[in-house]
Amino acid sequence: MSVRDADGPIRSRPAIVAAACALFVTTMVWRFLTFAGFSNDHYAHFALAQQMLLGERPIRDFADPGWPLTYMLSAGMWQLFGGAMSVEWTVVALSLAAGAAFTFLTAYKLAGSLWIAVLVTLLELIVYPRTYSYPKLLVYAVGAWLMISSVERPSRRRLVVMSAAIAAAFLLRHDHGLYLGVAAAVCVMLASRGDGWRAAFGRTAVLTAATASWLVPWMLFVMANGGLVAYFDRALEYAREEQSATTLRAWPRITLVPGKPLLGLERPDRPLAQVRWSPSVSDAERLAMERQYSLDYVRDTEDARWYYVGDPSEANIRALADDPRAAATSNLGRVSRPFWREFLAYVSPFRLAPALHSPANADAWLYWLFWGLPVACAALVIIRLRKNVERWRGELAVVAGLSVMTALVNDGFLRDLLRDRLADAVVPPALIGAWALGLCWGQPWRRRAWQVVVQLFAMAAVVASVGASMQIGSWSERIEYAGVGDGLEGVFDRAHKSFDLLALPHRQHAAPPSRVALALMPFFAYVDRCSTTSDQLIVTGDFPEVPVLAGRAFASDGVVLGSWYSSARHQEATAEELKSQPPLFVVFLDGVAFQARYPSIAAFVRDQYVSVAEVPVDGSGTVVILTPRARMPASTDEATGWPCFK
């Protein structure tokens, strides 16, 4: 069987499936080559999963922040297949790859064009969502695909399948279920308009009732372990606190980069080189050498600086490598590119209007694009509904539902720091963007001149969106990290390093998720030597990786006593629990914020605990380790001189 693209050629179903599989594999490979460890925030999933594996029960023993299935999935995989990072990475990568495949299939149906579907799917790859955001891509891609299935060939069975997806989304994170559920209800109701409002409300009721029935076992579990009212009270507090802490302080704005022309071409960036300057080099000397060797500063890492090299001549590169003031260099061999890569760099459309090329403008462009698309598509749906123009059954109902979904996702996800949030919201706008592009390049319009004008604007928007996505996803840096610049040899070398990293357990020191974690590595080893696995700790800052790397359960009601993981309104109950079962360690960070937010718990710590060590953190102050005054140590740890409790 075959279907016709909006752009002309006939595509067979095997070809579409092959393209979806290719995007699936590409996503898996790309996430493998660019894997550098899990981020600090991902460890919140790990900490909750570890809490279960250490015998604690959700809701009864610790607060569920509203995403039970996410950490239960991690716990189950951890229990079945071990604690290597490859286990969680497999969950993440498979979910992201499946999300890409379903995005492609849905976008193809919406746009009627293979190249448009591939384009919007690749944007997901480029923008590079964070690992712990995998449900945000999987849920909305699969949900959108099921919405099409539910209305194109409606049946009670398809509605039940749709309801199962909504229930699963709710359990992965409650707002996912809410957003998907509302969008699906709008879609089903609008698709049923031809059968009368009674049928429309009836099918929506079936969808709602079926979703509720899927959630009955979870509701019974909650009722048996503390009650629904108490559960949602804490979940809503968590959501409100996160929302308050991450609200955008100002609307993103497009601004011109000083010193660069609006009309002109930017010099093409060369591959990055790394230089570690000798400790004896002063800042003034370093600046002089950067000018001497045409080095454009990009960023700092732990022990070196990254640069673009403006002068890639062999003489300049050799002089830099031989300069004794440059203690170490790397990637200098990549700076001189072959002719074909140099040519592509010069003809790239992303060199246009250099005054607009900045990270802030990339954020602003995508932010307003994400908000503009649902408004524009909703308007187009209304116009086409009035004209009764539909390319396939349920098309306008699906787009209406997706427009609602996009608005809800934007409102829930696009917060501060905006740079970190844009990738989370990419699927819904990508899908309705694919539909809009399909209208531009589909059937010829009666006013051909207007269509050409719209296509030109659409092409400009696509180019700007790809460029902004490359900024958001740090594309050039990830290309370098993946070893692509060194050809197959570099890619294979990167693959070996990824294999080695993924073989390590979550409690590893090769890729610590933060400077605090790196500084606390001696403490984690000390915890193994001088405490038992039944001993617990609390952390007074937003570092959920600490319980995981320590291999110990957290004693607070949430993972950490930070911005929003634990309840501030119910801290008296937490303080009473801590008094009855005092944790062995308090990892004390960000003391001012902790004491202001949790005064009752801070008073307990101040009265009952004493400092035994201070651990300096490079560029981030000091971490204080405290133990109970009343608990006598069994001995002294030889390696650290700290008290040992076993």
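Between Y134 and H45, the ring-plane angle classifies as perpendicular under the 30° and 60° cut-offs. Between W30 and W475, the ring planes lie tilted relative to each other; the angle falls in the 30° to 60° range. Classified by interplanar angle (parallel below 30°, tilted 30° to 60°, perpendicular above 60°), the ring pair F38/F35 is perpendicular. Using cut-offs of 30° and 60° for the angle between ring planes, the W368 and W251 rings count as tilted. Classified by interplanar angle (parallel below 30°, tilted 30° to 60°, perpendicular above 60°), the ring pair Y238/Y565 is tilted.
Counting heavy-atom neighbours within 6.0 Å of M459 CE, excluding the residue itself, gives a total of 12 or less. With a 6.0 Å radius and a threshold of 12 heavy atoms from other residues, nucleotides or ligands, Y297 has its OH atom above the threshold. Around the CZ atom of R631, the shell of radius 6.0 Å holds more than 12 heavy atoms that belong to other residues, nucleotides or ligands. Atom CZ of R240 is surrounded by more than 12 heavy atoms from other residues, nucleotides or ligands within 6.0 Å.
Aromatic ring centres of Y293 and Y307: separated by at least 6.0 Å.
Between the side chains of Y128 and T34, at least one donor-acceptor pair of N or O atoms lies under 3.5 Å. S39 and D41 are not linked by any side-chain donor-acceptor pair at a separation below 3.5 angstrom, with hydrogens and angles left out of the test.
If you take CZ on F554 and CG on L537, they are separated by 10.0 Å, rounding to the nearest 0.5 Å. To the nearest 0.5 Å, the span separating CG on L320 from CG on L295 amounts to 5.5 Å. From D542, atom CG reaches atom OG of S514 across 11.0 Å, with rounding to the nearest 0.5 Å.
Salt bridge status for R415 with E242: present, with a side-chain N to carboxylate O gap under 4.0 Å. Salt-bridge annotation for R130 and D424: present, with a side-chain N of the basic residue lying under 4.0 Å from a carboxylate O of the acidic one.
Here the shortest heavy-atom pairing between L422 and F370 reads O-CE2, 3.5 Å. Smallest separation of non-hydrogen atoms from R419 and A362: NH2-CB, 4.4 Å.
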Step-by-step ring-ring contact (aromatic ring centres under 6.0 Å, His included) determination, F585 to F523: CA-CA 11 Å; F585 301 109; F523 168 70; 5.5 Å; yes

Show your reasoning for whether salt bridge (Lys or Arg N to Asp or Glu O under 4.0 Å) applies to K497 and D500. CA-CA 5 Å; K497 292 178 180 177; D500 293 341; over 6 Å; no

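Take H42 and apply the side-chain hydrogen bond (donor to acceptor under 3.5 Å, both in side chains) test, not counting sequence neighbours, and it matches E88, T131.
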